[in-house]
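Right, I'll just put the structure down here and ask away after.
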Amino acid sequence: MANEKQIEPSNWKNKLNALDSLPGEPVANKDAAWEKLHARLHEKPRRKMAAWYWLAAACLFLILALPWMITGKKDDNLVKIKLPEKSAPRKPITNVPAIQPQTAVASPVSFVEKNQTIKNNIKTTHHSKVPILKKASMEKEELLMAGSTIPPETNSTSADIVQPADTAGIVATVAVVKTKMRVVHINELETSAIVNPDQVASTMTHSPHRFRVSFINVRPSNNNKAAQHAYAALKIRFTN
Amino acid sequence: MDLSQLIKEANQGSTAAQKCLFDQLSDKMLLLCRRYVKNREDAEEIMLDGFYKFFKNLTGFHYQGETALHAWLKKIMVNECLMFLRKKNVFLMVTETAADDIGLEEEALNNLSAAEIFNMIVQLPVGYRTVFNLYAVEGLPHAEIATLMGITEGTSKSQLSKAKTLLQKMLVKKGTDYGKRKTN
């Protein structure tokens, strides 16, 4: 450009380069600036990790995490809880009476006894491995139905029922019987009383669980004569 | 102690020699940075960055006189200033437009003091100021200025002419004010 003249290295440039400070301005704090610079000059250099280092670490992590991620997906089924196997086999349960069909109104006592027998039947009939949740639901249903229906009869009336050796099939029951009480059917009481009245009397006096039996005859309706003759509603009170 | 001795000892790791060099050269370098970067705090940071690189690369410097040392240090400081301005994306605003046809009376600048010239340059916009400093003060060609700033050669020239126009206007105003003061 014609207007542009080369500026000669004249006095003003030399003056500008020689300028150390501006008049009227405060003097810069050199010591503070030097402290900053000195700290930077003598600080330890940071170790920069190479990119390949991070890549190798990421690959290693994936290799280690992949099997765990794969095995985690397989466990979709319900968890089956297995009880530990007991070394000593259980004693065989003998003299389990057959449950006779009863269509009368269930009394509280018979209801409890039925539940116990139902549970025993469930234990004896189950040999295969069944998920605990299904069994729990089955047991619940059966308990609910026990008041109205009667479980099917067992084939043997007094057969020796042995606990299955396959303890793997044993499943923990939902309801736990806290107090071990001898399950006795009402018919058994009658028969024992008839056969051995003395024995019954002694057990009644010495047994820790004394009970008073009172028979209350509830007359059935007039319509059902068969019921009137065949069945008598018993009301037994147990008093400890 | 002269500069050559100081540089020798600084190369050997002497902190005292380094501090001596810093005390001798820091004032001029700070004003140089302030010509490019108006803000005082920014200029101090840039100066420290420049001295950091100076001391780190001092072992590879072959001392050939005080002028050569000053020129090398000035180059480091100017590069630091340009890096700072590039980070702020200041040069994006620099465009090529037609300049007013007003020339600069260089002789008028000779009549001014160093502080007045400094204050006039600092008042220029950043684009004009940078090109003027690089061309008029440092003596770089337009091609190199264009490469350093990331602009075209034509933009560099237009920026320079605009800077001169503004400086001339400032000189005229100063002269008028000087004339008024003289008459009063």
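Just so it is clear, the values below take in all heavy atoms, side chains as well, and ignore hydrogens, waters and symmetry mates. Below, chain A is the first sequence line, B the second, and so on; all start at residue 1.
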- Shortest non-hydrogen contact from B/L48 toward A/A33: CD2-O, 3.5 Å
- Task: Walk me through it: do A/K15 and B/E116 pass the test salt bridge (charged side-chain N to carboxylate O under 4.0 Å, His left out)?
- Result: CA-CA 11 Å; A/K15 284 183 194 176; B/E116 284 175 328; over 6 Å; no
- Message: Are A/L16 and B/I121 packed together at the side-chain level, in the sense that at least one heavy-atom pair is separated by less than 4.5 angstrom?
- Response: yes
- Item | Qualifying residues under ring-ring contact (aromatic ring centres under 6.0 Å, His included), relative to B/Y36, sequence neighbours excluded |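 Partners of B/Y36 by the ring-ring contact (aromatic ring centres under 6.0 Å, His included) criterion come out as none, since no residue qualifies.
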- How close do B/Q18 and A/H42 get, heavy atom to heavy atom, and via which atoms? OE1-CE1, 4.4 Å
- Task: Look at the rings of B/F132 and A/W12 and say which category their plane angle falls in: under 30° parallel, 30 to 60° tilted, over 60° perpendicular.
- Result: parallel
- Query: Between A/D31, A/N17, A/L41, which residue shows the highest count of heavy-atom pairs closer than 4.5 Å to chain B?
  - Reply: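 The candidate making the most pairs under 4.5 Å is A/L41.
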- Supply the atom-to-atom distance A/N14 CG to B/N110 CG, rounded to the nearest 0.5 angstrom. 9.5 Å
- Rounded distance (nearest 0.5 Å) linking atom CD of B/E138 with atom NZ of A/K13: 7.0 Å
- Hey, could you give me the CD/NZ distance between B/E45 and A/K36, rounded to the nearest 0.5 Å? 5.0 Å
- chain A contact via B/L31 - which portion, at a heavy-atom distance below 4.5 Å: side chain
- Message: Given heavy-atom pairs under 4.5 angstrom as the criterion, report whether the side chain, backbone, both or neither of B/Y52 touches chain A.
- Response: both
- Query: Step by step, would you call A/L22 with B/R34 a side-chain contact (heavy atoms from CB on, under 4.5 Å)?
  - Reply: CA-CA 11 Å; A/L22 293 170; B/R34 282 187 66 186; 3.8 Å; yes
- Item | Contact class of B/L32 relative to chain A, heavy atoms under 4.5 angstrom |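 No part of B/L32 comes within 4.5 Å of chain A.
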- Message: What's the separation between atom CG in A/N29 and atom CD in B/E44, rounded to the nearest 0.5 Å?
- Response: 8.5 Å
- Query: More than 12 foreign heavy atoms under 6.0 Å from NZ of A/K30: is that the case here?
  - Reply: yes
- Message: For a side-chain contact (heavy atoms from CB on, under 4.5 Å) check, start with the C-alpha distance between A/W34 and B/T15, then their side-chain angles and the critical distance, and finish with the verdict.
- Response: CA-CA 11 Å; A/W34 168 249; B/T15 309; 3.8 Å; yes
